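Only one structure is covered here, and it is reproduced in the block below.
These figures come from a predicted structure and were not determined experimentally.
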Amino acid sequence: MSWLAASFALIACVLAIGWLVYERSRPSARTVALVATLSALAALGRDAFAAFPEVKPITAMTFVVGYSLGPLPGFVVGAVGMLASNVVLGQGSWTPWQMAAWGIVGLLGALTGRLTRRRLSRLPLALGCAFAALVAMGIMNLYEWSIGASHTPAALLAEVAQGVPFEAVDIVSTLLFGLAFAPELARLLARSRARMEVDWQAAGTGIAAALVVLLTGSAALGARSARASVSTRASVSTHSALTRGVQYLLAAQKPDGGFGQQAGASTTEMFTAWGAIGLAAAGRAPLHVRKDGHTILTALAAGAGSLSDVGAIERTILALHACGLPAGALDGHDLAAELARHRRRDGSIEDEVNHTAFAILAMRALGDRPASPAIRAAGRWLAAQQNADGGFSFGPRGDPSDVDDTAAALQALAATGDPSPAAMARAVSYLRHAENSDGGFPQEPGQESNASSTAWAVQGLLAANRPLSQDGRSPIAYLEGLQAPDGSFRYSAGVTQTPVWETAEVLPALARRPFPIAAPAPARMLARSIGVTHASSLAAALAADVSRIVDRCLEGLTGVSEG
């Protein structure tokens, strides 16, 4: 094999591995749409500067995508962006090298985000973009060297020296692009990442034991409780929707004990955590749910090593709380300490409303009292971020308000124990004005209603102790209307995506239970009785076994076996 053929074979392998890993990850429709849009923008940005070949924003954009969204989106945006832009600028033997080089730029961004916990300020982030440009140009130097007549070290040095003036312009321009827009783009993508990864649902205190009876559908055990609940809590149709939603989650559980975004998809920590929260909200003890000898805790423990993002840490704390377990139930991971490391001096978590709101809820799940210094500081910072329209954004004050983050802020402020009545009223007013005529809520006013935003809004209204329906519009009825024949919930009318996620999000809203959602009472009592308060995952698994014996009397009544 010639030198040229060998080098191209190496590049082909790099690209093939990247595409294979991306495809095997089975990205959601939201992720695919976002990556496609970013790839198009990256290509357009490069083509727009075609008159200045070494001045292009694609390097900074790709680096920030990897920094904010992770390695696979970063790699794909860099590779596809270069391929697409060359439709205008010209394809050639250099195209696969450019695809590989800028795919690596995305990977460098992802590595930087992981190492720094995505907390870089403007200048360090811009310097990271400039370093990535240096690496990309180095790879292109290797391409020029590979197609040359001589492949000696001296020839490589000559190639590098010849390109120094052009590379200097490229690196400096990338630095300037990074200074101009990198932090703003990172913030926008962080918001998108939260939408794809964690649409936190919330809801208040409920009668868990009564809901367990209601969900069983047992005439002998539950008829009297069901009649009482119908008159005070929800309609018979809501109880039916809850039961069918629980049955769907039980049927979708993977053999490793966890959940994927849908039946047949690979298990992830995110969907497993959501599954635990949804089941607990509906009155089913998550640790009792088992498939092939594995519980939800098994899957959570297996994914504990990937908890680098503060949102994942907060989510896992809330999921463990829903299982009746402490944050230390995952061996070798002090989630409480990891969450505290993200707290800033002003009380916020990474200067973001979303993460600060769920940090408050997570701290409450950890047992912190509302009067604790950390919660009080976080609550003060959060209240100060309310926009003039009464809503809250994903980031700090001044970013556009949206329904999801306004509802999350409402729940967090209520959890502080001393919310400002005026701030709560203004946030509720924002939600009321955003509601659509179908009873559902959009992510932002004027958009189409969807299940996630409607569930958020329901839980925000519950946290604020406000009625759910107004002017004949019912968000609960809207959610019930999205339930599919298999018991899962659609994202919106005519749109089905990530059914496990949507179902787990909707269940807390239908059950009227805000965060933090505790495990059903029998599971909590049994966990405490065998000393799970400082348990390892092994002891927690033992708790699940003992608790499952007690729960046997309920298992057959739902009509779905738990494995």
Side-chain angles (χ1 to χ4, degrees), residues 198-212 214-215 229 233-234 238-250 259 270-286 289 296 314-324 357-358 360-362 364-365 403-405 407-412 414-415 431 440-441 450-466 468 475-480 482-483 487-489 491 498-521 523:
V198 189
D199 275 344
W200 288 105
Q201 307 296 336
T205 55
I207 308 174
L211 281 175
V212 170
L214 290 170
L215 288 173
S229 182
R233 274 287 190 178
T238 299
H239 297 317
S240 174
L242 279 166
T243 302
R244 294 170 58 208
V246 168
Q247 291 173 342
Y248 173 79
L249 289 181
L250 296 180
F259 292 92
M270 181 185 72
F271 296 117
T272 301
W274 262 113
I277 294 168
L279 288 169
R284 178 58 70 107
V289 178
I296 285 176
E314 293 166 345
R315 176 175 64 245
T316 303
I317 290 173
L318 292 171
L320 291 172
H321 184 65
C323 292
F358 283 101
I360 291 173
L361 298 171
R364 291 303 309 274
V403 167
D404 304 39
D405 290 300
L410 270 173
Q411 297 162 58
L431 292 181
F441 287 79
N450 68 78
S452 297
S453 296
T454 302
W456 279 77
V458 166
Q459 294 150 355
L461 293 171
L462 287 167
N465 198 26
R466 299 298 201 278
L468 299 182
I476 295 297
Y478 170 80
L479 291 174
E480 292 174 4
L482 294 179
Q483 192 163 35
S488 66
F489 287 85
Y491 174 74
T498 58
V500 166
W501 191 4
E502 298 302 330
T503 302
E505 287 182 321
V506 168
L507 290 181
L510 293 182
R512 276 84 162 174
R513 297 195 61 193
F515 277 139
I517 295 172

Hey, does the side chain of T272 reach the backbone of F259 with a donor-acceptor pair shorter than 3.5 angstrom?
yes

Would you check if the distance from the ring center of W456 to the ring center of F358 is below 6.0 Å? yes

Smallest heavy-atom separation, A457 atom then V403 atom, equals CB-CG1, 4.1 Å

Could you check if a side-chain atom of I476 sits within less than 4.5 angstrom of a side-chain atom of R512, using non-hydrogen atoms only? yes

Scanning both residues in full, the closest heavy-atom pair of L479 with A451 reads CD2-O, 3.7 Å

Margin query: Do L462 and V458 make a side-chain contact, defined as non-hydrogen atoms from C-beta onward lying under 4.5 Å apart?
Written below: yes

Residue set satisfying side chain to side chain contact (heavy atoms under 4.5 Å, CB included) with A273, at least two apart, ordered chain then number -> E269, L300, R315, A319

By side chain to side chain contact (heavy atoms under 4.5 Å, CB included), A464 pairs with (sequence neighbours left out) L410, M424, V428, R466

* Checking side chain to side chain contact (heavy atoms under 4.5 Å, CB included) for the pair V289/L249: CA distance, chi angles, key distance, verdict? -> CA-CA 10 Å; V289 178; L249 289 181; over 6 Å; no

Taken to the nearest 0.5 Å, the spacing of W501 CH2 from W274 CH2 works out to 8.5 Å

Original post:
Do the non-hydrogen side-chain atoms of S452 and E502 ever get within less than 4.5 Å of each other?
Top reply: yes

| field | Minimum side-chain heavy-atom gap V246-L242 below 4.5 Å | value | no

Note: L510 and A241 closest approach over all heavy atoms is CD1-CB, 4.0 Å

Determine, step by step, whether L279 and I296 satisfy the side chain to side chain contact (heavy atoms under 4.5 Å, CB included) criterion, reporting the C-alpha distance in whole Å, the side-chain angles of both residues, the deciding distance to 0.1 Å, and the verdict.
-> CA-CA 11 Å; L279 288 169; I296 285 176; 4.0 Å; yes

Q) Can you find a pair of side-chain heavy atoms, one from T243 and one from Q247, that are under 4.5 Å apart? A) yes

Side-chain heavy atoms of V500 within contact of S488, under 4.5 Å: no

By side chain to side chain contact (heavy atoms under 4.5 Å, CB included), A415 pairs with (sequence neighbours left out) I360, L361, R364

On a heavy-atom basis, the closest approach of C323 and A519 is C-CB, 3.6 Å

Y248 and G487 have their tightest heavy-atom pair at CB-C, 3.9 Å

| Step by step, would you call H321 with I517 a side chain to side chain contact (heavy atoms under 4.5 Å, CB included)? | CA-CA 7 Å; H321 184 65; I517 295 172; 5.8 Å; no

To the nearest 0.5 Å, atom CG of L431 lies from atom CG of D404 at 10.0 Å

Tightest non-hydrogen contact, residues A365 and I317, listed as CB-CG2, 4.3 Å

Contacts of R244 meeting side chain to side chain donor-acceptor pair (under 3.5 Å) (sequence neighbours excluded), chain-then-number -> Q483

* Indicate yes or no for a side-chain donor-acceptor contact from T503 to the backbone of F489 under 3.5 Å, with no hydrogens or angles considered. => yes

